[in-house]
Amino acid sequence: MSAIRPASDGVDSPFPAARLPPTPPAVPTNFIRQIIDEDNRSQKWAGRVHTRFPPEPNGYLHIGHAKSICLNFGLARDYGGRFNLRFDDTNPTKEEVEYVEAIKRDVKWLGADFEGPHGGGVFWASDYFERMYEWAVELIRKGMAYVCDLPAEEMSRQRGAPTRPGVESPFRGRPVEENLGLFRRMREGEFPDGARTLRAKIDMASPNLNLRDPVMYRILHATHHNTGDQWSIYPMYDWAHGLEDSIEGITHSICTLEFENHRPLYDWFINAINQGRTADGSGPWGQRIHHPQQIEFARLVLNYTVMGKRKMLELVREGHVRGWDDPRMATVAGFRRRGYTPEAIRAFAEETGATKFNAVVDLGRLENALRDDLNRRAPRRMGVLRPLKVVIENWPAGRVEMVECVNNPEDPAAGTRRVPFSGALYIERDDFMEDPPKKFFRLSPGREVRLRYAYLVTCTGVEKDAQGNILAVRCAYDPATTGGNAPDGRKVKATLHWVSAEHAARAEVRLFDRLFTHETPDRADADFRTFLNPDSLEVVREAMLEPSLAEASPEERYQFERLGYFCVDPDSKAGAPVYNRSVTLKDTWAKGGEGGGA
RNA sequence: UGGGGAUUGGUGUAACGGUAGCACGACUGACUCUGACUCAGUUAGUCUAGGUUCGAAUCCUAGAUCCCCAACCA
């Protein structure tokens, strides 16, 4: 049977080694890479590296999953190995096909191409049910598993406590033949849900609770999205997971810290199957099966966010956000809609590393990774969020000039574009102060500033209504400063972005802030919802953007100069674009002194 | 009170008995047609107490603190 491979480990992958040469380690090392290096040195797996990402299809992927995906795929890629996407679909009562496609899409979007040169493909735990069943029968035959009739509460009671040993089930000594018959009848659906379980016979006194005769199978009369009504028993995680890894020839089975206590069980099950088996398959039980190594690392924890499935679901259900892909959500879909790039998320995953320490990573790190990526790549545009009218007094009536603007100073190849300039403009309200503090060096009465790529202008006056609200600012431009250059070499302290009023494209712009006001809403005393940030979403209904921004397709990303990076939202309609602010630019003015800032 | 993990500047992460380094942040300054970017510099750390050693973040002993474990979830 092809499923059973010798334990000589390594040579026995169902997949040929990837042909691509290993890429040099351009990334920082971590303890997992050290383990792999050592394994390669000792030829433990004959140089193979085969990882996997094993989501249960019961929810959307979040940034923590993204990190795990990047880790696992990165290892496969860097060591010339393979990466499997495997759906751990062992619980039909919780899983839905709807999530399967979403997960595939997210994993692929992140760049972990499970079908590419380093991809092993898509796998399903449910495809292995028959083999798992056979192995379970084998454990019964070996006297290592038994059918238990205890109800759940009773079993729980008998499991004992950390400081107190459990008591052995009265069914523990059930004869092999009886177990075999009962287990077969469980499979055939003869018993109602919860009536019996198959348990491993390990040690009810073990200080590790996981080893106190854990359940391998429970009865569940549920329709499985993949196997339909074929099964009425379903394997438990601990029993199933190592077998899935084994079948796929996984070498390094990477999971999070809370599974550390499960590793002895992971190993116990595979060793139990291998008991009596031999490398060459001689003997009554056949060939040994592959025994992967489980390695645990600390899950990603980001401050000001929640990542638990239940909590995220509540945010969606209770309408605190607009859905799983709300740009404020820490889901992969949310970050994508927000305007994050896979490159930024991957860089973030690498930067934060892999350790066994429960760290809390600052959200700022993620934002920084995005800025870093987009600064190099995003085309620049001009857009005004809170418009303040500017009238150029000495501008020839009706004249429109096309000024040439650089698309990306970081990338000369991005070229230039032409933007209309006229005597009636909008600038940012924050860029004008009638009575400025010392360190404010934007526009104010009597002061000269540059309008980006256009002209130097000097403020000559302010128009106000009866209440004293500023309606418009009057300026005079210097015709000799075409393109924003002063022929006499005179300097101005500030350069402002602007949009010609009559040419402006109206757009909705959504500004996001952190969803929570508490650093760790998860760990706080009060319910996490009490820390929801009431100002996490601000909608600017009528932003004024340069004409080229009138039409754009979803996921196009731009830097609005001096404001931040913006991304077209799928809510956009023809003539009614919607932009999401992915992240602001760093702003040392807003941050600092003199009561300044936007 | 049992078992399993962990602990290095504000944050994250290196070091594997031999100069505690890097990144982010913060702060200075330079540059600048984005108060961005870039560049230069500054700041600040080995949980505690003993011990071994010429030499300890690293090895030993004791302690402190934090995380995980008593679903027929994963």
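Every chain is numbered from 1 and lettered A, B, ... according to where its sequence line falls, protein lines coming before strand lines.
- For the salt bridge (charged side-chain N to carboxylate O under 4.0 Å, His left out) test, residues two or more places apart in sequence or in another chain that qualify with A:D488 are A:R490.
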Task: Nucleotide-resolved protein contact map, nucleotides 6-13 of chain B, B/S/- at heavy-atom distance under 4.0 Å - done: SS---BSS
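- Comparing the P positions of B:C22 and B:C69 gives a spacing of 38 Å, expressed to the nearest Å.
- Between the side chains of A:E248 and A:Y128, at least one donor-acceptor pair of N or O atoms lies under 3.5 Å.
- The closest donor-acceptor contact from the side chain of A:S232 to the backbone of A:M186 lies under 3.5 Å.
- Taking atom P in both B:U38 and B:A74, the straight-line distance is 47 Å, to the nearest Å.
- Using a cutoff of 4.0 Å between basic side-chain nitrogens and carboxylate oxygens, A:D373 and A:R377 are scored as salt-bridged.
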Close N or O pairs between protein and nucleotides 72-74 of chain B (under 3.5 Å):
| residue | atom | partner | partner atom | Å |
| --- | --- | --- | --- | --- |
| B:C72 | OP1 | A:R159 | NH2 | 3.3 |
| B:C72 | OP2 | A:R159 | NH2 | 3.2 |
| B:C72 | N3 | A:G194 | O | 3.2 |
| B:C72 | N4 | A:L150 | O | 2.6 |
| B:C72 | N4 | A:A152 | N | 3.1 |
| B:C72 | N4 | A:G194 | O | 3.1 |
| B:C73 | OP2 | A:R218 | NE | 2.9 |
| B:C73 | OP2 | A:R218 | NH2 | 2.8 |
| B:C73 | O3' | A:R218 | NH2 | 3.2 |
| B:C73 | O2' | A:N91 | ND2 | 3.3 |
| B:A74 | OP1 | A:T90 | OG1 | 2.8 |
| B:A74 | OP1 | A:R218 | NH1 | 3.3 |
| B:A74 | OP1 | A:R218 | NH2 | 3.0 |
| B:A74 | OP2 | A:Y237 | N | 2.9 |
| B:A74 | O3' | A:D88 | OD2 | 2.6 |
| B:A74 | N6 | A:H262 | NE2 | 3.4 |

Using atom types as modelled, flag every donor-acceptor pair under 3.5 Å from a side chain in residues 305-313 of chain A to any protein atom, sequence neighbours excluded.
| residue | atom | partner | partner atom | Å |
| --- | --- | --- | --- | --- |
| A:K309 | NZ | A:N58 | OD1 | 2.6 |
| A:R310 | NE | A:E314 | OE2 | 3.1 |
| A:K311 | NZ | A:D522 | OD1 | 3.1 |

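- Here A:R380 lies in heavy-atom contact (under 4.0 Å) with a base.
- Judged by distance alone, the side chains of A:R514 and A:N303 never bring a donor and an acceptor atom under 3.5 Å apart.
- Taking every side-chain heavy atom of A:L585 into account, B:A36 is the closest of B:A36, B:A15, B:C37.
- Taking atom C1' on both B:G21 and B:A57, the two are 13 Å apart, rounded to the nearest angstrom.
- Shown for residues 294-312 of chain A: no residue has heavy atoms falling under 4.0 angstrom of RNA chain B.
- Not one N or O on the side chain of A:E38 forms a donor-acceptor pair closer than 3.5 Å with the backbone of A:Q34.
- Side chain A:R442 to base B:G35: a donor-acceptor pair is found below 3.5 Å.
- Both key distances under 3.5 Å define a Watson-Crick or G-U pair, and stretches of 3 or more such consecutive pairs in RNA chain B run B:2-7 with B:64-69, B:10-13 with B:21-24, B:26-30 with B:38-42, B:47-51 with B:59-63.
- For the salt bridge (charged side-chain N to carboxylate O under 4.0 Å, His left out) test, no residue two or more places apart in sequence or in another chain qualifies with A:E410.
- Within the nucleic acid shown, A:G364 has no heavy atom closer than 4.0 Å to any nucleic acid atom.
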So which protein N/O to nucleotides 43-47 of chain B N/O distances come out below 3.5 Å?
none

Give me, pair by pair, the N or O atoms of the protein and of nucleotides 25-27 of chain B that are less than 3.5 Å apart, along with how far apart they are.
| residue | atom | partner | partner atom | Å |
| --- | --- | --- | --- | --- |
| B:G25 | OP1 | A:N368 | OD1 | 3.4 |
| B:G25 | OP1 | A:K586 | NZ | 2.8 |
| B:A26 | OP1 | A:K591 | NZ | 2.9 |
| B:C27 | OP2 | A:K591 | NZ | 3.2 |

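- In this pair, A:F183 and A:Y133 present their aromatic rings parallel. The plane angle is below 30°, not in the 30 to 60° band.
- Comparing the P positions of B:C16 and B:C73 gives a spacing of 46 Å, expressed to the nearest Å.
- For the segment residues 487-495 of chain A, residues with any heavy atom less than 4.0 angstrom from an atom of RNA chain B are, sorted by number, A:T495.
- Side-chain nitrogen and oxygen atoms of A:R212 include none within less than 4.0 Å of the OP1 or OP2 phosphate oxygen of B:A70.
- Residues in residues 189-217 of chain A take part in these salt bridge (charged side-chain N to carboxylate O under 4.0 Å, His left out) pairs, two or more places apart or across chains: A:D149-A:R196, A:R172-A:D213, A:R185-A:E190.
- Of the P atoms belonging to B:G5 and B:C60, the separation is 14 Å, rounded to the nearest Å.
- Comparing the P positions of B:G25 and B:C37 gives an interatomic distance of 8 Å, to the nearest angstrom.
- Under the rule for a side-chain hydrogen bond (donor to acceptor under 3.5 Å, both in side chains), A:W498 has no partner lying at least two apart in sequence or in another chain.
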